[in-house]
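Scope of the values below: all heavy atoms of this structure, side chains included, with no hydrogens, waters or symmetry mates. Each chain gets a letter, A, B and so on, in the order its sequence line appears, and its residues count up from 1.
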Amino acid sequence: MRRRRFLALSAATLATPTFLRRAWAQAPIKIGMPAALSGGYAQYGIQAKRAADLFAKDIKAKGILGRPVEFIFEDTAGDPATAVRKAQKLVEKDGVKFLTGVALSSEALAVSAKCPEWKVIFMSTINGAGTLTTKSFHRYFFRVNTSGPMGARAVSLYLAESPMKRFFALGADYAWGRDSVASFTSQITAAKKDIVGTDFPPVGTKDFASYIAKIRQSRADGVFLVLPGQDATIYMKQAHQFGLNREVKPIMEILELENMKAVGDAMVGAIGSSRYPFTVDTPKNREFVKRFHELHGVYPDMFDGETYEGLEWLAQVITKAGTDDVEKVIDAWEDSTYEGLEGPFLMRKCDHQAVQPGFAVECVKDPKYPHPIPKILATYPGDKVTPKCRTEEFS
Amino acid sequence: MTRPRLLALAALVALAIVPWVLARHQLSLLTDLLIAGLFAMSLDLILGYTGMVSFGHAAYFGLGAYASALVLLHFTQPIPVALLAGAVLAGAVAVPVGWFSTRATGIYFAMLTLAFAQFLYTVAYKWRDLTGGSDGIAGVPKTQLFWGGPSLASPSAFYFLVAVCVVGSLALCRAVVRSPFGRALQAIRENERRFTSLGRDPRPFKLVVFVIAAVFAGLAGALFAPFRGFASPEVMFWVFSGQGLMMVVMGGIGTLVGPILGAMVFILIQELLSSYTEHWMIFTGLVFILIVIFLPGGLVGTARRLGARG
Amino acid sequence: MANAVEQLLNALALAGLLFLVSAGLSLVFGILRVVNFAHGVFYMLGAYLGFTTVALTGWFWPALVVVPPAVGVLGAVLESSTLRFIYRRPPIYQLLLTFGLALILEESIRVLYGPTAKGVEPPPLLQGAINLGGLLYPRYRLFLVVLGCAVGVAVLLFLRLTRAGLVIRAVAQNHEMADCLGADVARVRTLVFGAACALAGLGGVAAAPMTTAYLGMGIGVIVDAFVVVVVGGLGSIGGSMAGSLIVGAAQTWGAFYLPETAMVIMYAVMGVILVFRPWGLLGEEE
């Protein structure tokens with residue numbers, strides 16, 4: 001496999017007449033993507049890469065500010081130490097000014113902490129950890145994606161209206177699991193509903209039988225699940241085998257296509273939040289899904305969509321700033337708006353979190369698709385799902 | 001001058017002039033390689049010289065990293081204080097762990113080190129208030145050399161700190177293995193039963209070298225935290241210990257300087273391969289298997305054998 | 001009451017799975033004196049090949065029959081082309097060689113199958129739940145209990161009653177003497193390694209309907225297998241059975257009452273046994 005430099009320049013150069021080529025011979029705009037392309041979390045890094053591949057194809061003709069765009073990928077294998085090493089190489093050797101596509105929150109925290117020193121922009125399109133825009137916030141960090149607390153908020157808003165009253169919370173025993181369950185607990189009790197039990201299985205649990213027994217015993221109406229991809233897949237399969245899903249509704253903080261493909265029909269009926277459901281019914285999104293499917297042969301999952309939106313917005317902001325100088329791009333990005341695939345986005349100046357719509361979705365079967373898909377149950381406007389600046393509270 | 005001395009002098013000179021020769025990111029990479037080299041060399045003390053296979057060595061690297069991170073982030077002390085904290089914490093934990101582990105030998109010892117290391121990993125992963133849990137501790141600063149001293153924030157300054165630590169540690173370890181204590185270790189490695197039958201108890205020796213190795217691993221971890229700016233549980237995971245063993249074997253078991261080179265080669269191969277293909281693990285595994293089968297002495301061991309012949 | 005029965009069955013099902021995974025590891029250690037770090041990857045390979053077999057034939061039962069020998073043959077080939085040359089070396093070399101094999105195999109599986117987990121449906125006979133006096137229990141888990149017992153008994157009988165089993169036990173006790181007495185030690189080693197991989201592969205096929213086939217399932221299971229083998233005794237099949245029951249019970253009840261400390265307790269148990277009785281419950285003192 002060739003080295004991962006995706007030079008939009010070459011194909012475009014061959015296509016343009018000579019007198020225009022001189023204008024192209026400018027320094028490319030470089031975007032570095034230290035993504036988890038191997039190892040247990042590869043499916044997330046691969047989504048970032050797929051989005052970048054499509055975006056590179058889309059802007060090949062125009063470039064940004066008339067300059068070609070160069071994506072440089074590096075494999076972090078999902079390890080924070082490797083992520084920082086690769087990011088440092090991208091910044092110091094390849095001279096990138098923008099880092100994105102980082103898959104894990106632990107990697108993001110480590111890499112982002114170095115960005116003020118390197119003076120490069122870190123654009124999160126995947127990382128949900130609340131602390132990235134609260135305690136660990138700095139000027140060079142921008143989050144385009146829906147955060148974990150925002151996802152939990154969308155779910156809570158939906159459940160506040162539903163007849164379900166009793167909930168069990170099952171979160172994996174690490175940062176995301178703990179924080180999300182805490183956020184959900186406070187919001188659902190504020191909605192005058194009950195948490196009848198919580199449990200924190202270790203990451204990598206293979207057998208959820210005991211937890212399933214506890215959930216059944218608790219007589220909950222629904223179980224709020226915050227489990228990493230593979231654990232969620234295993235839980236759904238086993239809960240289905242125990243017949244639990246009929247009695248206790250699975251509610252997932254993120255409802256991903258990856259899970260739906262792996263679990264299959266057993267997941268039908270699960271509800272939850274999606275950071276980007278590809279079934280959003282706007283002309284722009286339908287067209288994006290079509291182009292994505294043509295290029296990659298699969299339908300876009302959450303991080304495919306969010307990364308594409310991030311890249312498109314970044315391109316617009318660089319154009320607005322008139323330069324890829326990092327400080328000017330930051331200024332141009334703050335308080336700017338963007339019409340994304342999911343709806344309208346606003347980049348808040350106070351914490352660089354993109355305010356965007358939140359979605360409550362349900363996993364349904366649709367004969368047009370080879371696997372179950374997310375059907376949108378409710379859409380919430382950005383200001384209802386985004387927490388107040390630098391806090392974990394909602395208005 | 002004998003050839004080894006000439007080589008050593010050449011290496012020292014090379015290390016000294018490197019900041020003016022290498023590009024910035026190459027210098028960063030070299031610093032990274034040296035830290036890994038120190039970790040591997042510390043493992044050689046117990047693997048190469050005493051014949052003890054430890055699957056838990058990464059835990060001491062991790063302990064050093066966390067101690068250093070906390071001292072630098074919360075108390076902003078000069079770096080040597082953080083280094084001392086890391087080395088001391090690693091050594092302190094190694095005492096009880098080593099005391100229990102050395103009650104077993106061979107494969108049982110290896111399993112026991114694995115159990116202890118996984119236990120420590122789980123503690124680091126779950127004790128969120130202290131260690132940041134699965135997110136780790138980010139934003140660790142590089143501070144000064146001593147109170148009121150020069151800052152170590154620049155890449156060359158930090159590189160010199162690491163180079164001095166590694167060269168110094170190598171010198172110390174060489175002194176240890178050449179001493180009567182070191183010779184006793186090698187006797188234990190060769191034939192532990194005979195050692196016992198001569199009326200000597202191997203356990204205190206094993207415990208002491210276990211702690212010394214942990215101290216140097218902790219030093220490596222304490223350098224890692226300000227260099228990379230964070231500490232996280234992954235550096236304590238048993239897979240990292242396994243990679244350490246691979247580095248030692250690649251470089252040359254029982255040569256001290258070999259593992260340093262082995263670590264550098266191991267990481268460089270991965271760096272180069274991962275830029276060309278996302279399936280770099282297959283090639284790394286192949287290279288490694290070939291070395292294990294055909295070059296059991298590792299790079300340095302084989303070089304010495306060839307040098308002795310020629 | 002129904003709850004206690006359910007927990008017991010859960011523990012037995014998990015024990016059945018753990019036994020299938022760890023029996024091979026125990027054999028390889030007892031007879032070849034090698035710690036096989038690639039063992040988890042053979043388990044994972046079994047799961048993925050099981051998925052492929054089901055996808056090709058539409059049936060689950062053929063996977064149980066076809067996949068273990070295939071994985072076993074692969075293991076035997078790898079052993080005779082790599083491990084065979086380094087038996088005389090210190091154990092660290094063999095250990096690290098299996099580590100290298102694990103890296104290669106794991107990444108190869110990823111190349112072939114991609115990163116998405118592969119779901120496997122249990123056969124119609126084993127789908128759904130069975131009504132046990134008011135308790136609805138998944139049939140597939142009951143099958144795991146039965147399978148674990150059957151395989152355990154089969155392996156024990158093979159080792160105790162057949163001539164091949166006798167030769168294997170002789171090699172385990174004293175390979176030089178066995179060699180003098182005419183046993184083809186190299187061939188025995190290859191066969192045992194292959195058989196151990198086949199057992200791991202069987203474990204993988206059996207696990208797939210319960211956990212799906214996914215990357216990282218090898219690393220995830222290897223530490224569990226080590227704990228089982230240490231507790232039961234390296235080299236003892238009976239020990240693996242006992243160890244699986246203990247670990248299965250500890251994990252099941254631990255998850256129910258103390259999920260957050262369950263892991264820590266496991267390591268503590270492993271540590272205590274290694275310090276005070278390293279040869280495990282049913283192993284042989286060296």
Tightest non-hydrogen contact, residues C:Ile237 and C:Leu27, listed as CD1-CG, 3.9 Å
Residues 242-253 of chain C vs chain B, non-hydrogen distance cutoff under 4.5 Å, contacting residues -> none
Interface moiety of B:Phe288 toward chain C, non-hydrogen atoms closer than 4.5 Å: side chain
So which residue, B:Leu112, B:Ile291, B:Thr105, B:Val53, ends up with the most heavy-atom pairs under 4.5 Å with chain C? B:Leu112
Below 4.5 Å from any heavy atom of chain B, which atoms of C:Leu95 appear? Answer side chain, backbone, both or neither. side chain
Take atom CZ of B:Arg194 as the centre, draw a 6.0 Å sphere, and report whether it contains more than 12 heavy atoms from other residues, nucleotides or ligands. no
C:Arg89 side chain to C:Gln94 main-chain N or O, any donor-acceptor pair under 3.5 Å? no
Can you tell which part of C:Pro91 gets under 4.5 Å to a heavy atom of chain B, answering side chain, backbone, both or neither? neither
If you tally heavy-atom pairs under 4.5 Å against chain B, which of C:Ile92, C:Val227, C:Leu234, C:Ile86 wins? C:Ile92
Shorter than 4.5 Å, heavy atoms on both sides: which option in B:Val239, B:Val123, B:Ile107, B:Val249 has the most such pairs with chain C? B:Ile107
So which part of C:Ile265 gets closer than 4.5 Å to some heavy atom of chain B, the side chain, the backbone, both or neither? neither
What part of C:Val275 is in contact with chain B, defined as an atom under 4.5 angstrom from a non-hydrogen atom: side chain, backbone, both or neither? both
Of all the heavy-atom pairs spanning B:Met52 and B:Thr102, show the shortest one and how long it is. CE-CG2, 4.4 Å
Flag the one option from B:Thr122, B:Ile293, B:Leu114 with the top tally of heavy-atom pairs under 4.5 Å to chain C. B:Ile293
Go through the steps for C:Leu78 and C:Leu83 under the test side chain to side chain contact (heavy atoms under 4.5 Å, CB included), then give the verdict. CA-CA 7 Å; C:Leu78 285 172; C:Leu83 267 178; over 6 Å; no
Report the C-alpha separation of B:Trp127 and B:Tyr66 in whole Å, then their side-chain angles, then the decisive distance to 0.1 Å, and conclude whether the ring pair (Phe, Tyr, Trp, His ring centres under 6.0 Å) test is met. CA-CA 12 Å; B:Trp127 196 351; B:Tyr66 275 109; over 10 Å; no
Assess whether side chain to side chain contact (heavy atoms under 4.5 Å, CB included) is satisfied between B:Phe39 and B:Tyr60, documenting all intermediate values. CA-CA 9 Å; B:Phe39 172 67; B:Tyr60 305 106; over 6 Å; no
If you take all heavy atoms of C:Gly235 and C:Ser26, which pair is closest and at what distance? N-OG, 2.9 Å
For C:Lys118, give me all partners under salt bridge (Lys or Arg N to Asp or Glu O under 4.0 Å), at least two apart in sequence or on another chain. none
What pair of heavy atoms forms the shortest contact from C:Met270 to B:Ala115, and how long is it? SD-CB, 3.9 Å
Taking the six-membered ring where the residue is Trp, are the ring centres of C:Phe37 and B:Phe55 under 6.0 Å apart? yes
What residue, out of C:Tyr267, C:Phe226, C:Phe276, C:Phe85, has the most heavy-atom pairs lying under 4.5 Å from chain B? C:Tyr267
Can you see which heavy atom on B:Ile46 is nearest to which on B:Ala213, and at what distance? CG2-CB, 4.2 Å
Under 4.5 Å to a heavy atom of chain B? For C:Tyr93 that would be both
Answer with side chain, backbone, both or neither: which region of B:Trp238 has an atom nearer than 4.5 Å to a non-hydrogen atom of chain C? side chain
Heavy-atom pair count under 4.5 Å with chain B, highest-scoring of C:Leu103, C:Ile104, C:Leu105: C:Ile104
